[in-house]
2 protein chains.
Amino acid sequence: MLHLGMKNLLKSKKLRVTSFRTDVLNVFQSHENAIDMGMVEKELGEHDRITLYRTIKKFIDVGILHEILINGESKKYALCSHSCESEAHHHDHIHFLCTDCNETYCLEPQQMPVINHPSFQIDSFEVQAKGICDNCKS
Amino acid sequence: MLHLGMKNLLKSKKLRVTSFRTDVLNVFQSHENAIDMGMVEKELGEHDRITLYRTIKKFIDVGILHEILINGESKKYALCSHSCESEAHHHDHIHFLCTDCNETYCLEPQQMPVINHPSFQIDSFEVQAKGICDNCKS
DNA sequence: ATTACATTTGCAACATTGATGCAAATATAT
DNA sequence: ATATATTTGCATCAATGTTGCAAATGTAAT
């Protein structure tokens with residue numbers, strides 16, 4: 001059962017519609033928050049590791065997914081909102097990692113950081129916050 | 001030629017003073033900005049890869065170095081300022097990557113991001129900015 | 001529908017990085 | 001000077017990122 005939206009998403013990015021790619025997109029659509037490669041692999045069932053790696057990479061390149069770094073170690077991925085352009089991922093949201101349940105949420109900041117360095121030209125920010133989420137705050 | 005400050009730094013962190021560790025510290029002290037593992041290896045000359053890996057890791061653990069993530073790929077390291085505690089790296093500064101010269105600067109933000117999510121408990125931020133630095137702004 | 005062509009997949013092979021166990025070497029305190 | 005805990009160097013391994021290439025597949029043109 002193919003979501004029509006996913007086919008159009010792929011076509012709009014000039015990517016061919018394959019079952020592998022729709023399977024991967026299905027996995028991401030079934031998760032509200034960002035997930036890591038292990039989760040994708042588990043839910044995907046049997047598959048080729050290299051193909052998945054290239055699929056994720058391509059999805060990031062064209063702006064279907066974006067990558068989130070958890071500390072220095074692991075990476076997570078999430079579907080880009082429609083505002084995501086192919087060229088640059090200009091996220092005006094920040095990533096919040098709950099140190100209790102390890103879920104990664106995308107939040108909308110009221111204000112991005114302000115830097116007092118007038119001679120530097122600042123093009124983009126990436127912000128990651130850590131703390132305790134709603135559910136885990138007992 | 002051993003810097004007395006480095007010996008004291010190691011002792012204050014309850015680490016033994018070895019030539020390997022002072023060599024590594026020398027490399028970092030000769031750079032104003034953050035450097036990556038390749039740069040450390042190059043300037044260190046012949047050495048054991050695993051020992052360097054463990055040395056860097058220990059330095060991060062005790063708060064001598066801190067780690068900076070460049071995009072999703074590479075890591076850089078820099079000496080912690082004296083305000084860095086062993087337990088937690090509570091940096092109130094952000095990392096700025098010049099996309100032209102690839103230097104990584106530590107900047108002091110006037111204001112950290114503000115999040116409109118009152119039910120989340122936010123403990124820390126990590127911020128990375130990208131743009132063009134002073135030198136490269138032609 | 002069939003064909004032609006470019007894309008995508010799956011496999012082999014390899015590079016890089018992160019990590020652990022252990023014996024030898026070394027720093028520190030007595 | 002010696003005892004002891006730390007550190008180093010080596011072997012080894014796991015996980016991840018990457019490329020080349022032939023076979024398979026999607027897409028567009030006929």
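Values below: all heavy atoms of this structure, side chains included; hydrogens, waters and symmetry mates excluded.
Counting non-hydrogen atoms of other residues, nucleotides and ligands closer than 6.0 Å to NZ of A/Lys137 gives a total above 12.
Follow the hydrophobic side-chain contacts under 4.5 Å out from B/Leu25 and you reach B/Leu44 in the same cluster. Clustering ILVMFWY residues whenever any of their side-chain heavy atoms sit less than 4.5 angstrom apart, transitively, puts B/Leu97 in a cluster other than the one holding B/Ile132.
Residues A/Ser30 and A/Glu43 meet the side-chain proximity criterion, which asks for heavy atoms closer than 4.5 Å. A/Arg21 places none of its side-chain heavy atoms less than 4.5 Å from the side chain of A/Met6. Counting heavy atoms from C-beta outward, B/Ile56 and B/Ile60 have side chains that approach closer than 4.5 Å. Residues B/Phe59 and B/Leu79 fail the side-chain proximity criterion, which asks for heavy atoms closer than 4.5 Å.
To the nearest angstrom, C1' of C/dG18 lies 14 Å from NZ of A/Lys75. Remark: C1' of C/dA4 and CZ of A/Arg16 are 11 Å apart, rounded to the nearest angstrom. A/Asp61 has its CG atom 15 Å from the P atom of C/dT7, to the nearest Å. One atom, CZ of B/Arg21, and another, C1' of C/dT26, lie 11 Å apart when rounded to the nearest Å. Taking atom CE of B/Met37 as the reference point, atom P of C/dA19 lies 10 Å away to the nearest angstrom.
Panel note: side chain B/Thr104, backbone B/Phe96; no donor-acceptor pair is recorded below 3.5 Å.
Taking CD from B/Glu126 and CD from A/Gln128, the interatomic distance works out to 6.0 Å, rounded to the nearest 0.5 Å.
A heavy atom lying under 4.0 Å from DNA chain C marks the following residues of residues 45-55 of chain B, by number: B/Arg49, B/Ile50, B/Tyr53, B/Arg54.
Rounded to 10°, the helix from C/dA1-D/dT30 to C/dT30-D/dA1 has 40° between the axis fitted to its first five pairs and the one fitted to its last five.
Just one of B/His66, B/Met39, B/His31, B/Glu67 meets the side-chain contact (heavy atoms from CB on, under 4.5 Å) condition when paired with B/Tyr77; it is B/Glu67.
Residue A/Lys58 places at least one side-chain N or O closer than 4.0 Å to OP1 or OP2 of C/dT8.
In terms of heavy-atom proximity, B/Cys106 sits nearest to B/His95 at SG-CD2, 3.5 Å.
In summary, contact between chain B and DNA chain D, defined as any nucleotide atom under 4.0 Å from a heavy atom of the protein, begins and ends at D/dA5 to D/dA11 in the 5' to 3' direction.
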